[in-house]
Amino acid sequence: MEFVQDYFECDACQNRKFMKVYEFSMRFRGVNFSDEFFYDKVTDEMYQCIACNKIFTKDQIEEGLLSFKRIRKKAG
């Protein structure tokens, strides 16, 4: 059986190496039954191209990888 491996590449510079970048925040919201705020800690995980520093979200990476699957299915 033939073996094919596709790599996600930065669309700006075609680099294949990325590093994780995190963004941390707190999300506050009020509720109608209390004067207090409720909050959630939010951690956004992103990936930065190590060549050109372009940042991709996890969803963008996943969509790029899924496109390989669609291309291979069409090719048969």
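Side-chain atoms are counted along with the backbone in the values below, which use heavy atoms only and exclude waters and symmetry mates. Nothing fancy with the numbering, it's 1 onward along the sequence.
- Shown here are the side-chain contact (heavy atoms from CB on, under 4.5 Å) partners of Asn53, two or more places apart in sequence or in another chain: Gln48.
- Among residues two or more places apart in sequence or in another chain, the side-chain contact (heavy atoms from CB on, under 4.5 Å) test is passed with Gln14 by Glu9.
- A continuous path of Ile, Leu, Val, Met, Phe, Trp and Tyr side chains, each step under 4.5 Å between heavy atoms, connects Phe37 with Met26, placing both in one hydrophobic cluster.
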Taking distance alone, no hydrogens or angles, what donor-acceptor pairs closer than 3.5 Å link side-chain atoms of residues 38-45 to residues at least two apart or in another chain?
| residue | atom | partner | partner atom | Å |
| --- | --- | --- | --- | --- |
| Asp40 | OD2 | Arg29 | NH2 | 3.4 |
| Glu45 | OE2 | Tyr47 | OH | 2.4 |

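- Scanning for side-chain contact (heavy atoms from CB on, under 4.5 Å) contacts around Leu65 gives Phe8, Ile61, Phe68, with sequence neighbours left out.
- Counting only residues at least two apart or on different chains, no side-chain hydrogen bond (donor to acceptor under 3.5 Å, both in side chains) pair has a member in residues 15-28.
- Between the CZ atom of Phe56 and the SG atom of Cys49 there is a distance of 7.0 Å, given to the nearest 0.5 Å.
- Under the side-chain contact (heavy atoms from CB on, under 4.5 Å) criterion, Thr57 pairs with Asp59, Gln60, sequence neighbours left out.
- Under the side chain to side chain donor-acceptor pair (under 3.5 Å) criterion, Lys54 pairs with Asp11, not counting sequence neighbours.
- Looking at residues two or more places apart in sequence or on another chain, you find no side chain to side chain donor-acceptor pair (under 3.5 Å) involving Glu62.
- With respect to Glu63, the salt bridge (charged side-chain N to carboxylate O under 4.0 Å, His left out) criterion is satisfied by exactly one of Lys58, Lys69, Arg70: Arg70.
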